[in-house]
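I have placed the structure first, in the form of structure tokens, so that the comments after it can refer back to it.
This chain uses plain numbering: 1 for the first residue, then up along the sequence. In what follows, every heavy atom counts, from backbone to side chain, and hydrogens, waters and symmetry copies are set aside. These numbers were taken from a predicted model, which means no experiment stands behind them.
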Amino acid sequence: MDLFDDAGRKNLQKDAPLADRMRPTTLSEVVGQEHILGEGKLLSRAIRSDKIGSLIFYGPPGTGKTTLARVIANTTKSFFKELSATCAGKKDIENAIKLAQNNLGMHNRKTIVFIDEIHRFNKSQQDSLLPFVENGTITLIGATTENPYFEVNKSLISRSIIFELNPLSPENISFLIKRAVVDDKKGLGGKNIVIDNDAVEFIAGACNGDARVALNALEIGFFTTDRDKNGIIHITKEVASSCIQKRILNYDKSGDSHYDTISAFIKSMRGSDPDAAIYYLARMLYAGEDINFIARRIMICASEDVSNADPQAIVIATCAAQAVERIGMPESQIILAQATAYVACAPKSNSAVDAIYKATNAVREKPHGAIPSHLRDSQYQGAEKLGRGVSYKYPHNFENHYVKQQYLPDDLNGVKFYVPSDNGYERTIKRWLEKIWGE
């Protein structure tokens, strides 16, 4: 641990926010993340034995990424240097490397470099770490709220173990709140504060697994609530609700939450579950997602997953997209819900998707198949002499407005790209094609 950093942190600790004061310093104090910290799990074994390799902690805010780094700092015999990618530059990286080289050369002591928000380092900054991670000069611990497979250089990923942290459960959050209320060293213990169980449950449910948000709400309640005649600060559910007026959603429009939620939304429509689809729609709207983006995804689903099983689906989805452009929120939530419900409940077919993929592969493999002469343009001088359009049969001149003739190039004649399903209206299309083609 850097002695100056450590002294500075201790001086700030007295006036630090409750969430920072309550941050665990030992592995036994950490709550949640049993999937990586449970008995016998790799990370807990590595921390206890002080055998840490390069790591990347990945997860939403307030789930313990920095906390685990601090626990490692308090456990390891290695020198621990902390940087934040939000304010550190290449010079800071160079200084940390130089420090690590001195520690190794003069004291035979390893150095762990913890970089918070590592995804904020650009490619050049991340690349500058690589040789020193590679040769063991430093052990890297990175923390990120973004998917490291997208935001961290592959070369660093390949040399690190990635641990994904999950949002804390309401039970975990409730435990942390109650611990903060009674802790008389770092928390609010001894300050005559009482919190009702339903207030604890409300905060635990409203913070969406973010311990920092929960403890901040508790601290706001403590500072803004008058003491009663007995000198007690009483945190009720009403007080708690005023401290968290809107439930927090971990939803970054450019991050994982955005892609995960829209993926769940589309898959729920595709899976014909209107309840789930509308729930994910509500999550996106609540988080402030772009309504035009949502409308576009509904249109895509209407064509990709419903298609001709219900041709009205794309019509309704398109009309909904036009309507939300003109109307805006909050009324557009009703329009989007209508379109979502329709697409989710519609019969499904991906025959058109299969058709275009098969046709594209055919074009890729046989790009120069000659168009039959009778289908080619005949509206220019000399076309007839070249055989263009000759022998073309105009379908409307025949019974049922259909006549058999070759449409595909010779080398693809008879190939079926579009094969209608038996779902919804496609059943009618399938029967009609069977009738006119005699198959």
Side-chain angles (χ1 to χ4, degrees), residues 30 32-38 41-47 51-72 82-90 93 96-97 112-168 208-210 212 249-268 270 280 283-284 287 289-290 293 297 300:
V30 177
Q33 312 305 341
E34 291 83 1
H35 63 293
I36 59 173
L37 294 174
K41 297 295 184 180
L42 174 61
L43 183 57
S44 61
R45 296 201 317 268
I47 293 174
K51 301 293 184 182
I52 295 292
S54 290
L55 311 172
I56 293 178
F57 295 135
Y58 155 52
T63 53
K65 301 181 295 297
T66 303
T67 292
L68 283 177
R70 300 274 176 85
V71 167
I72 291 170
E82 182 174 342
L83 298 174
S84 174
T86 58
C87 55
K90 201 163 186 177
I93 298 174
I97 298 300
I112 295 174
V113 177
F114 170 59
I115 302 178
D116 201 10
E117 304 288 337
I118 191 173
H119 62 277
R120 294 183 183 273
F121 272 165
N122 60 35
K123 186 178 185 300
S124 174
Q125 289 170 315
Q126 292 186 32
D127 281 343
S128 68
L129 296 165
L130 181 61
F132 305 101
V133 173
E134 179 81 25
N135 65 21
T137 301
I138 64 171
T139 298
L140 174 67
I141 300 179
T144 175
T145 55
E146 302 297 328
N147 191 326
Y149 292 103
F150 297 151
E151 303 295 338
V152 179
N153 290 2
K154 290 181 180 178
S155 51
L156 286 178
I157 290 287
S158 67
R159 291 160 177 80
S160 307
I161 300 176
I162 296 175
F163 290 100
E164 182 175 3
L165 280 69
N166 298 324
L168 298 181
N208 202 44
D210 188 327
R212 187 182 298 109
L249 280 182
N250 291 325
Y251 195 95
D252 179 351
K253 293 181 185 179
S254 63
D256 283 352
S257 53
H258 162 83
Y259 294 107
D260 288 345
T261 308
I262 196 65
S263 175
F265 175 62
I266 293 167
K267 289 173 180 175
S268 297
R270 181 184 297 142
Y280 291 118
R283 279 181 63 151
M284 290 188 289
E289 181 60 83
D290 180 5
F293 168 77
R297 302 310 302 179
I300 293 169

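- Residues meeting the salt bridge (Lys or Arg N to Asp or Glu O under 4.0 Å) test with R120, sequence neighbours left out: E117.
- Looking at heavy atoms from C-beta onward, I300 lies out of side-chain contact with I266 at the 4.5 angstrom threshold.
- Using modelled atom types, one side-chain atom of S44 and one backbone atom of G38 make a donor-acceptor pair closer than 3.5 Å.
- Once rounded to the nearest 0.5 Å, the distance linking OH of Y58 with CG of N166 reads 10.0 Å.
- Here I52 contributes atom CD1 and I72 contributes atom CD1; the two are 4.0 Å apart, rounded to the nearest 0.5 Å.
- Residues passing the side chain to side chain donor-acceptor pair (under 3.5 Å) test with S128: none are found, sequence neighbours excluded.
- Listed by chain and residue number, K123, N153 satisfy the side chain to side chain donor-acceptor pair (under 3.5 Å) test with D127 (two or more places apart in sequence, or in another chain).
- Residues S155 and S158 share a closest heavy-atom pair of O-OG, 2.9 Å.
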Should F121 and I93 be marked as a side chain to side chain contact (heavy atoms under 4.5 Å, CB included) after you check the CA-CA gap, both sets of side-chain angles, and the distance that decides it?
CA-CA 11 Å; F121 272 165; I93 298 174; 3.8 Å; yes
With side chain to side chain contact (heavy atoms under 4.5 Å, CB included) as the test, would you mind laying out the steps for N147 and Y259 before giving the verdict?
CA-CA 11 Å; N147 191 326; Y259 294 107; over 6 Å; no
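- I36 and L43 make their closest contact through O-CB, 3.3 Å (heavy atoms, listed as atom of the first residue, atom of the second, distance).
- Contacts of R270 classified as salt bridge (Lys or Arg N to Asp or Glu O under 4.0 Å), with partners at least two apart in sequence or in another chain: D305.
- One distance of note links CD of E151 with CD of Q126; it measures 8.5 Å at 0.5 Å rounding.
- Considering only residues two or more places apart in sequence or on other chains, L42 meets the side chain to side chain contact (heavy atoms under 4.5 Å, CB included) condition with R45, I161, F163.
- Taken from CZ in R212 to OG1 in T66, the straight-line distance is 7.0 Å, to the nearest 0.5 Å.
- Pairing each heavy atom of P148 with each of I56, the nearest pair is CB-CG2, 4.2 Å.
- The side chain to side chain donor-acceptor pair (under 3.5 Å) search around R297 returns none, not counting sequence neighbours.
- Side-chain contact between L129 and I115: present, with at least one pair of heavy atoms (C-beta onward) separated by less than 4.5 Å.
- Considering all non-hydrogen atoms of both residues, Q125 and A88 come closest at NE2-O, 4.0 Å.
- With values rounded to the nearest 0.5 angstrom, I118 atom CD1 is found 13.0 Å from K65 atom NZ.
- Looking only at side-chain heavy atoms (C-beta outward), I162 and V152 stay at 4.5 Å or farther from each other.
- Residue pairs meeting the side-chain hydrogen bond (donor to acceptor under 3.5 Å, both in side chains) criterion with at least one member in residues 130-140, sequence neighbours excluded, are E134-R159, N135-T137.
- Closest of all the heavy-atom pairs between K41 and E34 is CG-O, 3.8 Å.
- Nearest heavy-atom pair across F57 and A69 is CE1-N, 4.2 Å.
- With rounding to the nearest 0.5 Å, the separation of OG1 in T63 from CG in D210 is 7.5 Å.
- Under the side chain to side chain donor-acceptor pair (under 3.5 Å) criterion, S84 pairs with T86, not counting sequence neighbours.
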